[in-house]
Number of protein chains: 2
Amino acid sequence: MATRSDAVQVDVRLDRTSPVPLYHQLSQAIEAAIDNGALRPGDRLENELSLTERLGLARPTARQAIQELVRKGLLVRRRGLGTQVVRPAIHRDARLTSLYSDLASGGREPDTRLLTHDTTTPSAAGIDLGDVMAPDTPLHLLRRLRWADGEPLAIMTNYVPARFELDDAALAGRSLYDLLREQGAQIAIAHQTIGARLADAEEAGLLEQPRPLACVTAELIVYDDAGALVEVGRHLYRADRYTVQTSLVV
Amino acid sequence: MATRSDAVQVDVRLDRTSPVPLYHQLSQAIEAAIDNGALRPGDRLENELSLTERLGLARPTARQAIQELVRKGLLVRRRGLGTQVVRPAIHRDARLTSLYSDLASGGREPDTRLLTHDTTTPSAAGIDLGDVMAPDTPLHLLRRLRWADGEPLAIMTNYVPARFELDDAALAGRSLYDLLREQGAQIAIAHQTIGARLADAEEAGLLEQPRPLACVTAELIVYDDAGALVEVGRHLYRADRYTVQTSLVV
DNA sequence: GAGTGGTCTAGACCACAAC
DNA sequence: TTGTGGTCTAGACCACTCC
């Protein structure tokens, strides 16, 4: 009966008056237990039925919490076996800027210098946006240099449809995404392609690095919730300061 | 009543005798509709209630199908507004090898040549595996060269715990993951860090490319379902043949 | 046979957006 | 007010793994 003896019960306190969904409160509690060592790699999590009885939840709610952590790569489930912790804890490396930084940290960018601001078109810029935008649609072409910790970190090239108004003065003080949001862009989804290439002489100069210099490239295509293009970004990062982390569940 | 007039009904045929879950049959049908142009970017999807009535499904089942496509970056949902298509279709670029290739295509690797096979330890190899493995645990050290389409594509360095038996003859003919699976490794999850660096002279020679050469680096840490280490891979890819794609929902 | 996760149903109430 | 997605309940039956 009940759970097999080696399963670990997580200390969970749910607040049903909170606006935070119950499944998210639960997944955060489990994640915290993994973080602080109460649950260690290889440990078995209490099974769903026991968990739901103990916490007074319906099973789909508990499943949703666990599923969130499976997708994040912290847990693994096997039918007939149970749910286990696979990852020790999240390594937060100060050197690393995550995928998110370009969008999520938009609120207060460390320091961004506007290099140039011109007008172009997708065909002139060599961008193929087939279904989303005609090749002769006018675009802003921005080149910016991002600094962090007193060092140049990345050269960011942004293409933004001309229906947005981008004022150089505003660009200096505010993040690009703030400006776009203000003008009604409901940013919904970004597709990113990560690769590598050598920096040319000008780029290495801007990044204040000797050549030859290997850089991480990221091409970002950002759409709003109507599927309209908000931005194409082509960014060049110093490889010693930027990596991308992903998890893959088999 | 019913749906707002501009919503698109997808042609779906569900097979309740199939072992494929209903939610997955539905999500595949919607994805196919996006692929073949029946649903275009900006189109609104039929709402959940209408969809569930029409198909005779419960709402959570339809939600699960739609959620799958939201995570894949094809759809966006907004409360009070509806569900919309954001992405034209998935660009399948032959040049691109996805994140998955290292694990999923393990069945039939195009061609992999074993360069060296030695023994080392985490501390000697400069790998820190803190909780998962003591620094003096013996490891296989493999260096392999992967070919595709008659060209060298990647240099793969693998560290595998000595508890696995890796026979050079078997390694030549079989994929590494096949061998590990055969010996009981239930591969569960991989964490990957993508970056870039310059290839050294030997590496450029193996890849048959002139220097300086910028390469994509991928460090893979693979765990089994008990949280035990199965493999650490440090791979160096030709940047002109390898990129990584991810999506980011805001 | 017992324990476990995987799928599915049939509802309920709420929060947000548009009219 | 109406349509929409977001959350949650309380069950059901099935498939897989281990004993």
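Order of the sequence lines fixes the chain letters, A, B, ..., with proteins taken first and strands second; residue numbering starts at 1 for each chain.
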Specify the closest pair of heavy atoms between B/Val230 and B/Pro161, including all atoms of both residues, with the distance to one decimal. O-CD, 3.2 Å
Check for a donor-acceptor pair, side chain of B/Gln25 on one end and backbone N or O of B/Val20 on the other, with a separation under 3.5 Å. yes
Whole Å only: how far is the [atom1] atom of [X] from the [atom2] atom of [N]?
X: B/Leu51; N: D/dG5; atom1: CG; atom2: C1'; value: 13 Å
X: A/Leu22; N: D/dG6; atom1: CG; atom2: C1'; value: 12 Å
X: B/Leu57; N: D/dA12; atom1: CG; atom2: P; value: 21 Å
X: B/Ile66; N: D/dG5; atom1: CD1; atom2: C1'; value: 9 Å
X: A/Arg77; N: C/dG3; atom1: CZ; atom2: C1'; value: 13 Å
X: A/Gln84; N: D/dC18; atom1: CD; atom2: C1'; value: 14 Å
X: A/Leu69; N: C/dG5; atom1: CG; atom2: P; value: 14 Å
X: A/Gln64; N: D/dG5; atom1: CD; atom2: C1'; value: 13 Å

Could you check whether any side-chain heavy atom of B/Thr119 comes within less than 4.5 Å of a side-chain heavy atom of B/Leu141, counting everything from C-beta outward? no
Of the nucleotides [options], which one has an atom closest to the side chain of [X]?
X: A/Arg79; options: C/dC13, C/dT4, C/dC16; result: C/dT4
X: A/Glu48; options: C/dG5, D/dT9, D/dG5; result: C/dG5
X: A/Ala58; options: C/dA18, C/dG5, D/dA10; result: D/dA10
X: A/Arg44; options: D/dT4, C/dT4, C/dT7; result: C/dT4
X: B/Asn47; options: D/dT4, C/dT9, D/dC8; result: D/dT4

When you match A/Arg59 and A/Arg16 each to their closest nucleotide on DNA chain D, which lands nearer the 5' end? A/Arg16
Quick check on [N]: is either OP1 or OP2 less than 4.0 Å from any side-chain nitrogen or oxygen of [X]?
X: A/Thr61; N: D/dT9; value: yes
X: B/Tyr23; N: C/dT7; value: yes
X: A/Thr83; N: C/dT4; value: no
X: A/Arg78; N: D/dC16; value: no
X: B/Arg63; N: D/dG6; value: yes

Applying side chain to side chain contact (heavy atoms under 4.5 Å, CB included) between A/His140 and each of A/Leu166, A/Thr120, A/Asn158, A/Leu176, report the one that passes. A/Leu166
Is any NZ, NE, NH1 or NH2 atom of the basic residue among B/Asp11 and B/Arg13 found under 4.0 Å from an Asp or Glu carboxylate oxygen of the other? yes
Reckon B/Leu49 touches a base, only the sugar-phosphate, or nothing at all at heavy-atom distances under 4.0 Å? nothing
